Amino acid sequence: MTAKKKPKVYITRKLPDAVETRMRELFDAELNIDDAPRSVPELVAAVRTADVLVPTVTDRIDAALIDAAGPQMKLIASFSNGTDHIDVEAAARKGITVTNTPNVLTEDTADMTMALILAVPRRLGEGARVLTDKPGEWAGWSPTWMLGRRIHGKRIGIVGMGRIGTAVARRAKSFGLSIHYHNRKRVNPAVEDELEATYWESLDQMLARVDIVSVNCPSTPATFHLISARRLALLQPTAYLVNTARGDVVDESALIKSLREGKIAGAGLDVFENEPAVNPKLVKLANEGKVVLLPHMSSATIEGRIDMGDKVIINIRTFIDGHRPPNRVLPGR
């Protein structure tokens, strides 16, 4: 009996060894050992020959690339929770199924969001640099030195109360923060009661009343620059903004202006509007202690990445076996 031919799977970035090993066992998988981002010509060549494309959030899978795909390519199994880097509508027109890896990174992202919520008001970045940038110059403890702001008893406003936003709210409540949130729909009453959360139908009204803003909504055309210059102006001068969602949800230029003019107290950012490029003005503000910057690492745990890989593998195997993959992404969703 002839063995069934393994599907050709093209993986655009380096994945955890355990995931890559399993990929090679199950599929005719082409790996990216050096982890260099693939160029557009390389991606075009891949979609012309591969049965399955496994991209990440750093790959732009637009309509032109999808149109260049050969007739054999029927699945884009993205190694990501979000799919804003993929033209899902173009894929559907071409008869290509798109999948993602949802519900894996909730706790990891919420942990990092909470870390930034602590780091910015308590000046953790500045304190760490005192000991590393100028060793030996610390004069010792002083009652009025490196004073930050207490977070216990403050109000946090969560923009986007999905899985991650809710996980952030649970952590914030345990630190003594009062939970406020804005969402397209009000959350389940049981969750609202558990968190003692206040729902604001008006984002503007919420922003004007909270001490910390946590951005946890997805990137969509509707959320582009949701936190605009006008809305940043609504924040209190003692307020802090934390973004671990997507960079383009916040108007970065307006945020920089607000920080430089002292209109808000500080910000913690894990994502940027034009990443991997980081605005030099943000770097300057970080050096001045007004922002804490992280290189898009809120979901970066070994466990999380392996779980993502497992979901990619399940999606591919289910599709190849002729069934609907569990994490199919539909146009318009």
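Only a predicted model underlies this, so the values are computations on that prediction, with no experimental measurement involved.
Enclosure of atom CH2 in Trp138 is not indicated, since only 12 or fewer non-hydrogen atoms of other residues, nucleotides or ligands lie within 6.0 angstrom. Annotation for Ile302: atom CD1 does not count as buried by contact number, only 12 or fewer foreign heavy atoms lying within 6.0 Å. Heavy atoms from other residues, nucleotides or ligands lying under 6.0 Å from NZ of Lys94 number more than 12. Atom NZ of Lys6 sits in a crowded spot, with more than 12 heavy atoms from other residues, nucleotides or ligands closer than 6.0 Å. Around atom CZ of Arg260, no more than 12 heavy atoms belonging to other residues, nucleotides or ligands sit under 6.0 Å away. More than 12 heavy atoms of other residues, nucleotides or ligands sit less than 6.0 Å from atom CD of Glu261. A 6.0 Å sphere centred on CZ of Arg149 holds no more than 12 heavy atoms belonging to other residues, nucleotides or ligands.
Judged purely by distance below 3.5 Å, without hydrogens or angles, the side chains of Tyr10 and Arg38 pair a donor atom with an acceptor atom. Looking at Ser214 and Asn216, their side chains do bring a donor and an acceptor atom within 3.5 Å of each other. Side-chain contact, Arg324 with Thr97: no donor N or O sits under 3.5 Å from an acceptor N or O. In this structure, a donor-acceptor pair under 3.5 Å is present between the side chains of His225 and Glu273. Ser80 and Thr56 are not linked by any side-chain donor-acceptor pair at a separation below 3.5 angstrom, with hydrogens and angles left out of the test. A side-chain donor-acceptor contact under 3.5 Å links Asp270 and Ser298.
Residues forming a side chain to side chain donor-acceptor pair (under 3.5 Å) with Glu192 (at least two apart in sequence, or on another chain): Tyr181, Arg186. In this structure, the salt bridge (charged side-chain N to carboxylate O under 4.0 Å, His left out) partners of Asp62, at least two apart in sequence or on a different chain, are Arg60. Under the side chain to side chain donor-acceptor pair (under 3.5 Å) criterion, Thr223 pairs with Thr220, not counting sequence neighbours. Shown here are the side chain to side chain donor-acceptor pair (under 3.5 Å) partners of Asp248, two or more places apart in sequence or in another chain: Ser219. Asn188 pairs by the side chain to side chain donor-acceptor pair (under 3.5 Å) definition with nothing, not counting sequence neighbours.
Annotation: the span from Met308 atom CE to Thr301 atom OG1 amounts to 9.5 Å, rounded to 0.5 Å. Atom CD1 of Ile117 sits about 12.0 Å away from atom CG of Asp211, to the nearest 0.5 Å. Note that CZ of Arg317 is 11.0 Å distant from NE2 of His323, once rounded to the nearest 0.5 Å. Expressed to the nearest 0.5 Å, how far CG of Leu65 lies from CD1 of Ile76 amounts to 7.5 Å.
Of the candidates Leu226, Asn183, Val210, Leu226 is the only one forming a side chain to side chain contact (heavy atoms under 4.5 Å, CB included) with Val159. Residue Leu53 is tested with Ile96, Leu75, Val47, Val98 for a side chain to side chain contact (heavy atoms under 4.5 Å, CB included); the sole match is Val47. When each of Val250, Leu116, Leu241, Val120 is tested with Leu269 by the rule side chain to side chain contact (heavy atoms under 4.5 Å, CB included), just one qualifies, namely Leu241.
Under a 3.5 Å cut-off, the side chain of Arg123 and the backbone N or O of Ala119 do not form any donor-acceptor pair.
Among all heavy-atom pairs drawn from Ile264 and Ala239, the shortest one is CB-O, 3.6 Å. For Ala110 against Ala167, the heavy-atom pair with the smallest separation is CB-CB, 3.6 Å. Shortest non-hydrogen contact noted between Pro218 and Val249 is O-CG2, 4.1 Å. Of all the heavy atoms in Asp108 and Val104, the pair that sits closest is OD2-O, 4.4 Å.
Both Leu105 and Val312 sit in one connected hydrophobic cluster of ILVMFWY residues. Membership requires side-chain heavy atoms under 4.5 Å apart, directly or through other members. The cluster map of Ile, Leu, Val, Met, Phe, Trp and Tyr, joined by side-chain heavy atoms under 4.5 Å apart, puts Ile151 and Met112 in the same cluster. Leu293 and Val242 sit in two unconnected hydrophobic clusters of ILVMFWY residues. Membership requires side-chain heavy atoms under 4.5 Å apart, directly or through other members. Leu259 and Ile212 fall into different hydrophobic clusters, where Ile, Leu, Val, Met, Phe, Trp and Tyr side chains are chained together by heavy-atom contacts under 4.5 Å. Criterion: ILVMFWY side-chain heavy atoms under 4.5 Å apart, direct or through other members. Under it, Met146 and Trp141 are not part of a common hydrophobic cluster.
Contacts classified as side chain to side chain donor-acceptor pair (under 3.5 Å) and involving residues 156-174 (residues at least two apart or in different chains) are given here: Asn103-Arg163, Glu107-Arg171, Asp111-Arg171, Arg170-Glu194, Lys173-Glu196.
Under the 4.5 Å side-chain criterion, counting only non-hydrogen atoms from C-beta, Ser78 is in contact with His85. Arg328 is listed as a side-chain neighbour of Leu330, based on a closest heavy-atom distance under 4.5 Å. Residues Met161 and Leu195 have side chains in contact (heavy-atom distance under 4.5 Å, counting atoms from C-beta outward). Residues Val213 and Leu235 meet the side-chain proximity criterion, which asks for heavy atoms closer than 4.5 Å.
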Margin query: If you apply the rule salt bridge (charged side-chain N to carboxylate O under 4.0 Å, His left out), what do you find for Lys8 with Asp51, and how did you get there?
Written below: CA-CA 5 Å; Lys8 184 175 178 59; Asp51 301 303; over 6 Å; no

Next item on the list: Carefully, step by step, assess Glu20 and Lys14 under the rule salt bridge (charged side-chain N to carboxylate O under 4.0 Å, His left out).
Entry: CA-CA 8 Å; Glu20 291 185 338; Lys14 177 83 176 77; 3.0 Å; yes

